[in-house]
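Just so it is clear, the model here is predicted, and its values are computed rather than measured. Each chain gets a letter, A, B and so on, in the order its sequence line appears, and its residues count up from 1.
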There are 2 protein chains.
Amino acid sequence: METLPSGPATINDVAARAGVGVGTVSRVLNGRTNVRPVTRAKVLDAIEALKYRPSSIARNLSLRRTHVIGVVVPFFTSHSAVERVRGVASVLGRSPYDLMLFDIEAEDRREHAFRLFDRGDRSDGLLLLSLVPPDDEVERLRAARLPCVLVDAPHPGFPSIVIDDVRGGELATKHLIELGHRLIAFVGDKPPDPFRFASSRDRTLGYERALSQAGIEARPEFVREGTQSHQVARGIAIDLLRLPQRPTAVFAASDAQALGVLEAARILGIRVPQELSVVGFDDVEVAALVGLTTVRQPLFESGRRGAELLLQLVAGGADQVVEPVVEQLPVEVVIRSTTAAPG
Amino acid sequence: METLPSGPATINDVAARAGVGVGTVSRVLNGRTNVRPVTRAKVLDAIEALKYRPSSIARNLSLRRTHVIGVVVPFFTSHSAVERVRGVASVLGRSPYDLMLFDIEAEDRREHAFRLFDRGDRSDGLLLLSLVPPDDEVERLRAARLPCVLVDAPHPGFPSIVIDDVRGGELATKHLIELGHRLIAFVGDKPPDPFRFASSRDRTLGYERALSQAGIEARPEFVREGTQSHQVARGIAIDLLRLPQRPTAVFAASDAQALGVLEAARILGIRVPQELSVVGFDDVEVAALVGLTTVRQPLFESGRRGAELLLQLVAGGADQVVEPVVEQLPVEVVIRSTTAAPG
DNA sequence: ACAACGGATGGAGCCGGTTCCACAGAGACG
DNA sequence: CGTCTCTGTGGAACCGGCTCCATCCGTTGT
């Protein structure tokens, strides 16, 4: 007497089989209390018999929410990004929200991804990692009333989780100065970064500030800029280390770049730390493995906090007033074996 | 004369404003050709004026597809998993599909995640990384006609992208034997692995086969099992290296574990490769940085191929006959600086 | 001039849930 | 014993698209 199953069972099938109305089935599904135990049992039996599972898409449409958090990240290829995503995943894992990952490698694709959220109906909230959204996108997102949190990127329109990059750069440089270095170079990102990272620029500021506080003259030829790739950093570092008067220490704006500097030193036969000190930034897992002195920023924690904050906003509903608070996580220098007093 | 915008514009609003029917708007949206240019222009104007964006949720419900690919991965904490996900992302990035990431850390949570797909309506296809689904889940997924591809895990029910783990283990061990080693230990995963990895077991098989082919007697005390964590591997390796007759070489079932072995050697003051040779497996990025000799498997490529294959299945529709083909990617030994002839 | 034909168009109905309102029936109370 | 709750329940309307069918209108053929 089974009707042949043309596709998965729907709530109507269940209602019919249990001899009740769809409203009642819905009430059972959503754990409402005002259903008679006998009725509830009938419904549960029917669900069991038909192997019924509600369609989440239909729920989405009806409830106007998706139970999805979108995570937008440029360069998923970078270790720091991965570490942050892990932090996010650790929070979402124990929430009813799923994680939609948008890896934005190219400018056009990035545009595309943002467009997706115009309507704001693909996700209930957006977490932007290391990425400052253009003002018009911010406007769109706000218009769509889509809760957003930024991690590692500030914007007056949204709450953000950041670190004090200037201070980080200052700490790193101070560490080198305290060791006795005077010839300190900097390897960072190009200013007109397509993804509008501000981090590297701020770290440069900290570097310059520390130098000036110590009364050390800044040398323009000691400040070099490339990209996050360690290959590029390696090339830059080779140039730097071939200068007539070469630096005795290098501060790199990221661990990836610091690794490139270490490679350059190895290629040129320059011993670290005896002849060259190197400080990185981020403290990715590899840093510990190769003994890199670096500025630790809580990467995992930043993702975790960002996700927590976002879930809070999402739970708060669309009509709450969101203060664009800026939450600052601590940075510290982790001294390992790539820094020492100049030889 | 604007109606006040109570929420985002819908297709009805557009139709009303353009003075046409919803069917026509839908036709314009979907690029059908049978619309008069004049009419099309009116519709496009209305869309522009109302800043209309179609609701993807409503489309999903209507079209019964989501444009989402689910990626299920245990231990997103591992480098190899991340590398595979990158491969997946690189393919999905230039497709209309979005990536939903399910990080399954705990057994119960994993169950939960699989349950989500019962209905098969959260995603149009599923990519399972390093994870053999239980038979009843396979049954469910098949019943839901949800296209699935396995990466780094075989199952007769689905196509899969794998490597020859036995051969990989054999190659690694042979490399050590050819260098002259006879006392070769193995560090791998515990057999009753909660996530049912088979890789480590197969790599053990390759190890044993290589030994027996070379006429070297297998020593049970040289085969140790722990988890993927390099801390655990470090502990195991310390035990191993304190044996009265200690091995001159260690083959670890993963780079993470090999790094643990290297740490152990450092702690015990055993020089690598002079006193101890170490071979890993995977060739994660760190391996190159620390100069680890290892068996390279194409991690990124496996994700890429898996995603390509899955998209093909998804495009093929639900009624196609899917042969559970097994695609095998090549492995090779990458010799770096942690292996040498025994001292 | 008229029938047959075919492309453009409007709109009801559907996808599968949720919600809200109307209503039935049981018990409380004057 | 009538009225007034108050709980439990059914089902229409709705979320916002897509699709198919009926209809309309302009051509073409005779």
Enquirer: What's the CD1-P distance between Ile11(B) and dC14(D), to the nearest Å?
Expert: 18 Å

Enquirer: With no hydrogens and no angle check, just 3.5 Å: does a side-chain donor-acceptor pair link Asn30(A) and Arg59(A)?
Expert: yes

Enquirer: Tell me: CG of Asp121(A) to P of dG17(C), nearest whole Å?
Expert: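 Going from Asp121(A) (CG) to dG17(C) (P), I get 19 Å.
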
Enquirer: Give a yes or no on whether the backbone of Gly157(A) and the side-chain of Arg142(A) come within a donor-acceptor separation of less than 3.5 Å.
Expert: yes

Enquirer: Quick one: the side chain of Ser55(A) and the base of dG16(C), do they pair up donor-acceptor inside 3.5 Å?
Expert: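 No, the side chain and the base share no sub-3.5 Å donor-acceptor pair.
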
Enquirer: Rounded off to whole Å, could you give me the CG-to-C1' distance for the Asn60(B) and dG17(D) pair?
Expert: 10 Å

Enquirer: Any donor-acceptor pair under 3.5 Å linking the side chain of Asp121(B) with the backbone of Ser56(A)?
Expert: yes

Enquirer: Atom CD1 of Ile57(A) to atom C1' of dG16(D): distance rounded to whole Å?
Expert: 13 Å

Enquirer: Would you mind checking if Arg140(A) and Glu137(A) are paired as a salt bridge, meaning a charged N to carboxylate O distance below 4.0 Å?
Expert: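 Judged by the 4.0 Å cut-off on N to carboxylate O distance, Glu137(A) and Arg140(A) do form a salt bridge.
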
Enquirer: Measure the distance from CZ on Arg59(B) to P on dG16(C) and round it to the nearest whole Å.
Expert: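 To the nearest whole Å, that distance equals 17 Å.
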
Enquirer: Using the side-chain heavy atoms of Tyr52(B), tell me which of these nucleotides is nearest: dT9(D), dG17(D), dT19(D).
Expert: dG17(D)

Enquirer: Under 4.0 Å from OP1 or OP2 of dG16(D): is there any side-chain N or O of Arg64(A) that close?
Expert: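 It does, given that an N or O in the side chain of Arg64(A) lies less than 4.0 Å from OP1 or OP2 of dG16(D).
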
Enquirer: Could you give the CG-to-P distance, from Asp13(A) to dC15(C), as a whole number of Å?
Expert: 10 Å

Enquirer: So what does Leu61(B) touch, heavy atoms closer than 4.0 Å: a base, only the sugar-phosphate, or nothing?
Expert: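 Leu61(B): base contact, heavy atoms under 4.0 Å.
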
Enquirer: Check whether any side-chain N or O of Ser62(B) sits under 4.0 Å from OP1 or OP2 of dG16(D), and answer yes or no.
Expert: no

Enquirer: Side-chain contact, heavy-atom cut-off 4.5 Å: Leu99(A) with Asp103(B)?
Expert: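 In short, these two side chains do not touch, never coming nearer than 4.5 Å.
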
Enquirer: Do the side-chain N and O atoms of Asn60(A) and Thr66(A) include a donor-acceptor pair separated by under 3.5 angstrom?
Expert: no

Enquirer: Whole angstroms only, please: what is the CG-P distance between Asn12(A) and dC14(D)?
Expert: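 Interatomic distance, CG of Asn12(A) to P of dC14(D): 17 Å.
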
Enquirer: Given 3.5 Å as the limit, does a donor-acceptor pair link the side chain of Ser90(B) with the main chain of Gly87(B), or not?
Expert: yes

Enquirer: Ignoring hydrogens and angles, does a donor from either the side chain of Thr10(A) or the base of dG16(C) sit under 3.5 Å from an acceptor on the other?
Expert: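 Side chain to base: no pair below 3.5 Å.
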
Enquirer: Which residues in residues 18-37 of chain A have a heavy atom closer than 4.0 Å to any atom of DNA chain D?
Expert: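 Residues of residues 18-37 of chain A under 4.0 Å from DNA chain D: Gly19(A), Val20(A), Gly21(A), Val22(A), Gly23(A), Thr24(A), Arg27(A), Asn34(A), Val35(A), Arg36(A).
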
Enquirer: Which whole-number value in Å describes the distance from His67(B) NE2 to dG17(D) P?
Expert: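 Taking atom P of dG17(D) as the reference, NE2 of His67(B) is at 15 Å.
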
